[in-house]
Colleague: 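Below are the C-alpha cells for one structure; questions will follow.
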Protein chains: 2
Amino acid sequence: MPAGPIAPPIAPLTQMMAEYSDPSQCPVRNVLDQLGDKWSVLIITALAHRPYRFGELKREISDISQRMLTQTLRDLQADGLIERTVFPTTPPSVEYKLSPMGRSFLVPLSAMVDWAFEHFPAIREARQEFAKAA
Amino acid sequence: MPAGPIAPPIAPLTQMMAEYSDPSQCPVRNVLDQLGDKWSVLIITALAHRPYRFGELKREISDISQRMLTQTLRDLQADGLIERTVFPTTPPSVEYKLSPMGRSFLVPLSAMVDWAFEHFPAIREARQEFAKAA
DNA sequence: CAGCATCCAGGCTGATACTG
DNA sequence: CAGTATCAGCCTGGATGCTG
C-alpha cells in the first residue's frame, strides 16, 4: 500500500471515521457543524482583530440578522470559543472576545482559508468545465 | 496594536472579510459551504484511503442515503476535488477517487481534524458549564 | 450496480415587533 | 444598547419507487 504524498493526515482522518457513528460524539462533526453554519467563521474572523460590542459586530457583518448574531454568539460562547462580558452601564454594553481556545482555533482556520484562496480559481474553472460538460 | 500570539493567520482572514460581501465570490464561503454539509468530509476522508466504487461508499458510510451520496459526489466532482471514472462493464461500475487538488485539501482538513480532537474535551466541558449556568 | 424523479417533513433563517 | 418572541418561507435532506 503506497503511502502517497500525504500519509500523515490520514491517521486522524481514520480516527474520525471510526468515531463518526454517533454524530453528537464525533469531534469533527461538532466542529464542522459550527464552522459550516453561515456566520460563525465571519464572527470569529472579526473577533480575531479585537473585541467587539454587539452593535459593532452587527454593523461589521452588515447582512447578518440580529437573531442570527445573537444565536451564533451564544453558540460560540457555549462552546467556549468566545467570552462575553457585560458592563452594567446605562445603556448596557456587552463585549465579545475570543477565548484562548478561540484564538487557537485561528490556526487551523487560517490553514483552511489559505487553501481556499489558493485553490479557488481552480475550483471555479472546474465548475465551469463541469457545467459545460453537462 | 499588539500582535498577540497568532499574528500570521489574521492576514488571510482579513482578506476573506474584505471579499465576503458577495458570498458566491468568497472563496472561504465556497469551501466551507461544501465542508459544512453533512457528508463531504466523510466522503473525502474515505477516499483519502483509496478509490471507492459507489456501492462501496454507500456501505462504508452506512447511514448516508443514496440521494445524498449521489448529490455530494457530484458536487465534489464539480469542484474538481474528486474524479469519477466509469467502467462500461455489465453491470456498470463507477470509481471515485481524490484528484490532486482533493488530496491537497487533506492538509488543511487534517489540521481542522487535529484541532477538533485536541479541543473537543474542552468544548464538551464548556457546553456543560454553559448549560449549568443557564 | 449506479443513479434519477418524486414526494414530503423538519430545521434553518430572516423579518418584524416588542422588552429591560 | 442588547437582546427576546413570534411567525412564515425556503431549502436541506430522507424515503420510496423506477430506469439503463
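Numbers restart at 1 for each chain; the letters A, B, ... are given by sequence-line order, proteins then strands. Because the structure is a prediction, the values reported are computed rather than measured.
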Colleague: Which sits closer to the 5' end of DNA chain C, B/Gln71 or B/Arg59, going by the nucleotide each is nearest to?
Modeller: B/Arg59
Colleague: May I ask you to evaluate whether B/Tyr52 reaches the phosphate of C/dC1, defined as a side-chain N or O under 4.0 Å from OP1 or OP2?
Modeller: no
Colleague: Applying a 4.0 Å non-hydrogen cut-off, can you work out what B/Tyr96 is touching in the nucleic acid: base, sugar-phosphate, or nothing?
Modeller: sugar-phosphate
Colleague: Can you hop from A/Val94 to B/Phe130 via hydrophobic side chains spaced under 4.5 Å?
Modeller: no
Colleague: Expressed as a whole number of angstroms, how long is the span from B/Leu57:CG to C/dG3:C1'?
Modeller: 14 Å
Colleague: Following the transitive rule for hydrophobic clusters with a side-chain heavy-atom cut-off under 4.5 Å over Ile, Leu, Val, Met, Phe, Trp and Tyr, establish whether A/Met101 and A/Val41 coincide in one cluster.
Modeller: yes
Colleague: Determine whether a donor-acceptor pair (N or O, by modelled atom type, separation under 3.5 Å) exists between the side chain of A/Lys58 and the backbone of A/Ile64.
Modeller: yes
Colleague: Write down the distance between CG (A/Leu69) and P (C/dG14), rounded to a whole number of angstrom.
Modeller: 11 Å
Colleague: Rounding to 10°, can you tell me the angle the first-five-pair axis of the helix from C/dC1-D/dG20 to C/dG20-D/dC1 makes with its last-five-pair axis?
Modeller: 50°
Colleague: Mind calculating the distance between CG (B/Asp33) and P (C/dT13) to the nearest angstrom?
Modeller: 11 Å
Colleague: What's the spacing between B/Ile43 CD1 and B/Leu73 CG if we round to 0.5 Å?
Modeller: 4.5 Å
Colleague: Does the protein touch nucleotides 15-20 of chain C at the base, only the backbone, or not at all? Give it as B, S and - per nucleotide, heavy atoms under 4.0 Å.
Modeller: --B--B
Colleague: OP1 or OP2 of C/dC12 versus the side-chain N and O atoms of A/Trp39: is any pair under 4.0 Å?
Modeller: no
Colleague: In Å and rounded to the nearest 0.5 Å, what is the CD1 to CD1 distance from B/Ile44 to B/Ile82?
Modeller: 8.0 Å
Colleague: Between atom CG of B/Leu42 and atom CG of B/Leu47, what is the distance when rounded to the nearest 0.5 Å?
Modeller: 11.0 Å
Colleague: Round to a whole Å and report the spacing from CG of A/Asp37 to C1' of C/dC12.
Modeller: 10 Å
Colleague: Find the distance A/Gln34:CD to C/dC12:C1' and express it as a whole number of Å.
Modeller: 14 Å
Colleague: Taking only residues two or more places apart in sequence, or in another chain, which ones meet B/Pro51 in a side-chain contact (heavy atoms from CB on, under 4.5 Å)?
Modeller: B/Glu95, B/Lys97
Colleague: Quick one: does B/Ser99's side chain have a donor or acceptor within less than 3.5 Å of a partner on B/Gly80's backbone?
Modeller: yes
Colleague: Mind calculating the distance between CD1 (B/Ile61) and P (C/dA2) to the nearest angstrom?
Modeller: 14 Å
Colleague: Between A/Arg74 and A/Leu69 (side chain of the first, backbone of the second, donor and acceptor by atom type, cut-off under 3.5 Å), is there such a pair?
Modeller: no
Colleague: Do any of residues 74-86 of chain A sit with a heavy atom less than 4.0 Å from DNA chain D, and if so which?
Modeller: A/Arg74, A/Arg84
Colleague: Considering only heavy atoms of chain A and a distance under 4.0 Å, specify the first and last nucleotide of DNA chain D in 5' to 3' order that meet this criterion.
Modeller: D/dC1 to D/dC7
Colleague: Pair A/Ile123, A/Arg127 - check side chain to side chain contact (heavy atoms under 4.5 Å, CB included), show working.
Modeller: CA-CA 6 Å; A/Ile123 290 178; A/Arg127 283 182 188 166; 3.7 Å; yes
Colleague: Once you apply a heavy-atom cut-off of 4.0 Å, does A/Lys58 come out as touching a base, just sugar-phosphate, or nothing?
Modeller: nothing
Colleague: When rounded to the nearest 0.5 angstrom, what is the spacing between OH in A/Tyr52 and CD1 in A/Ile61?
Modeller: 8.5 Å
Colleague: Show me the pairs that pass salt bridge (Lys or Arg N to Asp or Glu O under 4.0 Å) and involve residues 43-56 of chain B, at least two apart or across chains.
Modeller: B/Arg50-B/Glu56
Colleague: Could you tell me which residues satisfy side-chain contact (heavy atoms from CB on, under 4.5 Å) with B/Gln34, sequence neighbours excluded, listed by chain and number?
Modeller: B/Asp37, B/Ser40, B/Asp75, B/Leu76, B/Asp79
Colleague: If you look only at pairs with a residue in residues 85-113 of chain B, which of them pass as a ring pair (Phe, Tyr, Trp, His ring centres under 6.0 Å), with sequence neighbours excluded?
Modeller: A/Trp115-B/Phe105
Colleague: From C/dG14, C/dG3, C/dA2, pick the nucleotide closest to the side chain of B/Thr70?
Modeller: C/dG3
